[in-house]
Amino acid sequence: DGGITQSPKYLFRKEGQNVTLSCEQNLNHDAMYWYRQDPGQGLRLIYYSQIVNDFQKGDIAEGYSVSREKKESFPLTVTSAQKNPTAFYLCASSTVLWDIQYFGAGTRLSVL
Amino acid sequence: DQQVKQNSPSLSVQEGRISILNCDYTNSMFDYFLWYKKYPAEGPTFLISISSIKDKNEDGRFTVFLNKSAKHLSLHIVPSQPGDSAVYFCAASANSNSGYALNFGKGTSLLVTP
């Protein structure tokens, strides 16, 4: 079954710690995205990637970093510079950039 | 600044009746609109879209209407079924510094009661 897999489902971060959220897709999509959702809010774009070895900042990239070494994978690192990391993180992919996006089930990140 | 607004956080409809979910936007440059449906603990799934060159798009029980002059779109579900109970997000895109990035509303939680 083709789809997008995010792991872990729940993640806890200690103060000053970097954590990495995994996103893998087997849809053969070129474009991938990371969004953040806060309670009662819409989704906000963190980073996006049009193709392997390329990625661009979205609207709220500060405190986050990404890599795109493989077409299937687009991990997101929440660094210690992100002072308010508690949120629901969603990864998405599309055939080409800005085409209809398909989402993973999300990772809920909390701070200990 | 919220450019896509869903002013009703929740909506309750009886099974078999019509559900109407509304969405307003402020950016006149938006030219493509989408609706996503989200169940708890799952990611949003694409439902239906409409381009600004059209005013209506229909897919089975789901119809989206676009009123460009009012900067308003709506999603109609007829007839509503209990399985339609979910959070519905409206999204819009336009060419910007972030490309055609989607701008999402806060969502409307729909409950369809038997």
Side-chain angles (χ1 to χ4, degrees), chain A residues 2-10 21-25 27 29-51 54-62 74 87-108, chain B residues 1-10 21-27 29-52 57 59 62 64 73 86-109:
Chain A
I4 302 175
T5 302
Q6 289 187 243
S7 62
K9 200 173 179 76
Y10 300 96
L21 285 62
S22 170
C23 178
E24 304 277 332
Q25 55 98 358
L27 299 167
H29 285 173
D30 281 323
M32 297 187 75
Y33 316 78
W34 273 105
Y35 291 89
R36 168 181 172 141
Q37 185 185 19
D38 294 281
Q41 302 294 321
L43 281 66
R44 292 184 292 168
L45 183 65
I46 304 172
Y47 266 98
Y48 63 96
S49 168
Q50 182 172 4
I51 202 166
D54 173 77
F55 50 83
Q56 303 295 330
K57 293 181 179 180
D59 299 318
I60 54 165
E62 187 174 348
F74 191 40
F88 188 56
Y89 291 86
L90 284 161
C91 177
S93 70
S94 61
T95 308
V96 294
L97 192 62
W98 309 129
D99 201 357
I100 293 170
Q101 295 174 35
Y102 297 86
F103 287 82
T107 293
R108 187 165 297 281
Chain B
D1 183 29
Q2 195 79 16
Q3 298 187 71
V4 178
K5 299 178 184 179
Q6 294 177 259
N7 292 320
S8 298
S10 62
L21 294 92
N22 293 304
C23 179
D24 297 294
Y25 60 95
T26 57
N27 188 342
M29 299 301 292
F30 286 147
D31 56 8
Y32 191 60
F33 305 88
L34 305 90
W35 285 94
Y36 280 84
K37 175 180 177 179
K38 184 181 181 303
Y39 291 117
E42 294 183 13
T45 55
F46 169 72
L47 196 57
I48 193 169
S49 64
I50 188 167
S51 162
S52 61
N57 189 25
D59 184 2
F62 302 91
V64 56
L73 66 155
V87 177
Y88 290 79
F89 289 96
C90 171
S93 72
N95 195 5
S96 69
N97 291 336
S98 298
Y100 287 89
L102 289 177
N103 293 266
F104 284 86
K106 295 182 181 182
T108 295
S109 179

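A, B, ... follow the sequence lines: proteins, then strands. Residue 1 opens every chain.
- Interface summary for chain A: among B:F46, B:Y39, B:Y32, the most heavy-atom pairs under 4.5 angstrom belong to B:F46.
- Of the residues A:D30, A:V96, A:L97, the one that meets the side-chain contact (heavy atoms from CB on, under 4.5 Å) test with A:Q50 is A:L97.
- Residue A:Y48 is tested with A:Y35, A:F74, A:W98 for a ring-ring contact (aromatic ring centres under 6.0 Å, His included); the sole match is A:W98.
- Ranking A:A92, A:G104, A:G106 against chain B, the residue ahead of the rest is A:G104, based on heavy-atom pairs under 4.5 Å.
- Between the side chain of B:N57 and the main chain of B:S49, a donor-acceptor pair closer than 3.5 Å is present.
- With a 4.5 angstrom heavy-atom cutoff, B:Y36 touches chain A only via side-chain atoms.
- Using a 4.5 Å cut-off between heavy atoms, A:Q56 makes no contact with chain B at all.
- Contacts between A:L43 and chain B at a heavy-atom distance below 4.5 Å involve backbone atoms as well as side-chain atoms.
- Residue contact with chain B, scored on non-hydrogen atoms closer than 4.5 Å, involves the backbone and the side chain of A:Q101 alike.
- A donor atom on one side chain and an acceptor atom on the other are found under 3.5 Å apart for A:S94 and A:Y33.
- Taken from CD1 in A:I60 to CG in A:D38, the straight-line distance is 7.0 Å, to the nearest 0.5 Å.
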